[in-house]
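Data first, discussion second: the structure below is written as structure tokens.
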Amino acid sequence: MFDRLEDLVIRYQEVMGELQEPDVANDPERFRKLMKEQSDLAPIVEAYQEYKNCKQNVEESLMILEEESDEEMRELAKEELNESKARIEELEQELKILLLPKDPNDDKNVIVEIRAGAGGDEAALFAAEVYRMYVHYADSRRWKTEMISLNENGIGGFKECVFMITGQGAYSRMKYESGVHRVQRVPETESGGRIHTSTITVAVMPEAEEVDVVIDEKDIRIDVMRASGNGGQCVNTTDSAVRLTHYPTGIVIYSQTEKSQLQNKEKAFRLLRSKLYDLELEKKQASEAAERRSQIGTGDRSEKIRTYNFPQGRVTDHRIKLTLHKLDSILNGDLDEVIDSLIAADQTAKLAKMEE
């Protein structure tokens with residue numbers, strides 16, 4: 001581990017040197033890559049520097065204890081020694097986590113697809129609430145959200161909703177949301193007062209760049225039509241809606257949220273690229289079955305991951321057996337405690353796998 005850390009320090013110094021070169025500033029692509037590498041390496045180099053400082057402190061404290069007879073100085077040295085030893089243990093763990101292989105998609109924007117499952121109108125109403133939860137969460141992290149397609153049920157619920165989250169590290173946190181979300185409550189549509197269980201599915205896909213997925217025009221059929229449903233006069237009076245059919249996979253994308261056909265087409269292609277990229281990721285993960293099982297963020301879409309229980313005001317994440325009695329604040333976008341716990345559990349599982 002320490003040989004690798006020394007190599008990373010050398011590379012960090014090289015990157016910092018390259019960033020000072022005048023010709024780098026004139027090459028935006030090279031400058032962007034170097035800045036990205038510098039920001040990835042900085043936390044590792046800083047933690048390793050602190051680790052080396054603590055090691056130095058331990059040596060100096062031991063020397064003082066050997067040579068010093070003054071009791072006050074010895075007490076100070078013992079205190080310094082204990083603090084440095086404890087910090088060394090923490091930093092060793094931190095460094096192991098920082099050196100874990102990074103998911104190459106972590107820095108990407110995401111496309112989130114929410115579908116109502118079992119439970120009819122009640123599932124659709126809950127799908128709309130989960131969408132709002134993610135929008136509030138995105139706002140809290142200063143990420144932007146943008147609707148791609150929406151199919152409503154007429155009473156404020158969403159049968160299906162696809163939207164994009166744009167922001168630094170969106171996939172690194174949102175990837176843990178893929179799976180089946182279950183709600184237990186007395187529905188607004190139910191007069192008998194019985195608790196119902198409904199489900200929705202959430203799929204989180206990293207946004208694919210054009211270089212990630214090449215789409216052959218021969219594989220696509222593009223249909224344009226008049227938008228339907230809620231959308232106001234200008235949306236419904238022109239042939240602005242776009243439907244893409246991808247023959248090899250059978251994927252059909254429908255986009256009608258924009259007034260312009262060109263914008264809807266662009267959104268539809270963005271979603272198609274991400275779906276095709278996600279299919280490739282799933283194939284890759286299936287071929288690394290054991291690796292996939294050890295990771296929390298890439299679970300099966302059909303896996304029940306979380307229950308929102310309204311009568312008891314609790315949310316339970318089944319993957320890590322975490323229960324929090326703060327349903328209202330979670331539905332209001334306060335997801336950090338849940339996601340941080342999932343990330344910590346994922347890192348622990350990966351570390352254990354590496355140490356096997």
Side-chain angles (χ1 to χ4, degrees), residues 29 32 36 103-115 127 130-131 134-135 137-139 141-152 158-175 177-178 201-231 234-235 238-285 297-298 301:
E29 185 57 25
R32 190 184 64 77
K36 169 82 174 67
D103 183 335
N105 294 308
D106 273 354
D107 288 327
K108 292 194 178 205
N109 302 324
V110 294
I111 289 176
V112 184
E113 192 174 70
I114 302 173
R115 288 173 187 265
V130 168
Y131 163 72
Y134 290 143
V135 169
Y137 182 58
D139 289 344
R141 297 196 74 88
R142 295 192 169 85
W143 295 338
K144 289 191 174 69
T145 55
E146 178 190 0
M147 188 65 82
I148 292 176
S149 78
L150 177 61
N151 180 2
E152 297 176 85
F158 295 172
K159 292 180 190 171
E160 182 188 282
C161 153
V162 183
F163 64 102
M164 185 161 183
I165 299 178
T166 310
Q168 182 66 38
Y171 186 72
S172 71
R173 298 187 72 78
M174 286 299 296
K175 64 184 175 185
E177 294 302 299
S178 276
T201 58
V202 175
V204 178
M205 298 165 277
E207 186 198 14
E209 309 289 328
E210 284 186 45
V211 291
D212 296 327
V213 177
V214 178
I215 299 170
D216 191 328
E217 284 183 26
K218 296 197 294 294
D219 292 339
I220 297 279
R221 190 178 83 213
I222 302 173
D223 297 305
V224 294
M225 60 205 72
R226 202 150 289 189
S228 59
N230 305 337
C234 24
V235 171
T238 57
D239 288 341
S240 60
V242 172
R243 184 174 63 213
L244 297 184
T245 306
H246 186 248
Y247 295 123
T249 58
I251 292 172
V252 177
I253 308 285
Y254 184 72
S255 179
Q256 65 164 34
T257 55
E258 301 295 334
K259 294 174 189 176
S260 133
Q261 187 190 114
L262 198 66
Q263 287 173 306
N264 280 323
K265 187 177 167 186
E266 189 194 316
K267 277 190 174 182
F269 267 100
R270 246 153 113 193
L271 179 53
L272 178 61
R273 269 199 303 273
S274 294
K275 283 199 171 231
L276 293 173
Y277 186 60
D278 196 50
L279 278 177
E280 283 307 308
L281 283 183
E282 281 189 18
K283 277 187 210 161
K284 186 166 175 279
Q285 285 160 359
T298 47
R301 293 271 158 79

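Throughout, residue positions are numbered sequentially from 1 according to the sequence presented. Heavy-atom basis, side chains included; hydrogens, waters and symmetry copies ignored.
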Quick one: pull up [atom1] in [X] and [atom2] in [Y] and give me the separation to the nearest 0.5 Å.
| X | Y | atom1 | atom2 | result |
| --- | --- | --- | --- | --- |
| R270 | I148 | CZ | CD1 | 6.0 Å |
| H246 | I251 | NE2 | CD1 | 7.0 Å |
| E258 | S240 | CD | OG | 9.5 Å |
| T201 | E160 | OG1 | CD | 9.0 Å |
| L276 | L271 | CG | CG | 9.5 Å |
| D219 | T249 | CG | OG1 | 8.5 Å |

Is any side-chain heavy atom of [Y] closer than 4.5 Å to one of [X]?
| X | Y | result |
| --- | --- | --- |
| F158 | I114 | no |
| Y131 | L150 | no |
| D278 | I111 | no |
| M174 | R141 | no |
| L281 | P206 | yes |
| E177 | V112 | no |

Under the salt bridge (Lys or Arg N to Asp or Glu O under 4.0 Å) rule, collect the residues that match up with [X], sequence neighbours excluded.
| X | result |
| --- | --- |
| K144 | none |
| R142 | none |
| K275 | E113 |

Counting only N and O atoms by type, is there a donor-acceptor contact under 3.5 Å from the side chain of [X] to the main-chain atoms of [Y]?
| X | Y | answer |
| --- | --- | --- |
| S178 | V204 | yes |
| S274 | A208 | yes |
| K108 | M205 | no |
| N151 | K159 | no |

Geometric class of the Y137/W143 ring pair [parallel <30°, tilted 30-60°, perpendicular >60°]: perpendicular
Pair S172-D106, side-chain hydrogen bond (donor to acceptor under 3.5 Å, both in side chains): steps then yes or no: CA-CA 4 Å; S172 71; D106 273 354; 5.1 Å; no
Steps toward side-chain contact (heavy atoms from CB on, under 4.5 Å) verdict (R273, E207): CA-CA 8 Å; R273 269 199 303 273; E207 186 198 14; 5.7 Å; no
Stepwise side-chain contact (heavy atoms from CB on, under 4.5 Å) test for V162 and I253: CA-CA 10 Å; V162 183; I253 308 285; over 6 Å; no
Side-chain donor-acceptor contact under 3.5 Å, Y171 with D103: no
Working for side-chain contact (heavy atoms from CB on, under 4.5 Å), residues F269 and L244: CA-CA 8 Å; F269 267 100; L244 297 184; 3.8 Å; yes
Nearest atoms (heavy-atom pairs only) where V242 meets K265: CG2-N, 3.8 Å
Test log, rule side-chain contact (heavy atoms from CB on, under 4.5 Å), inputs V110 and M164: CA-CA 6 Å; V110 294; M164 185 161 183; over 6 Å; no
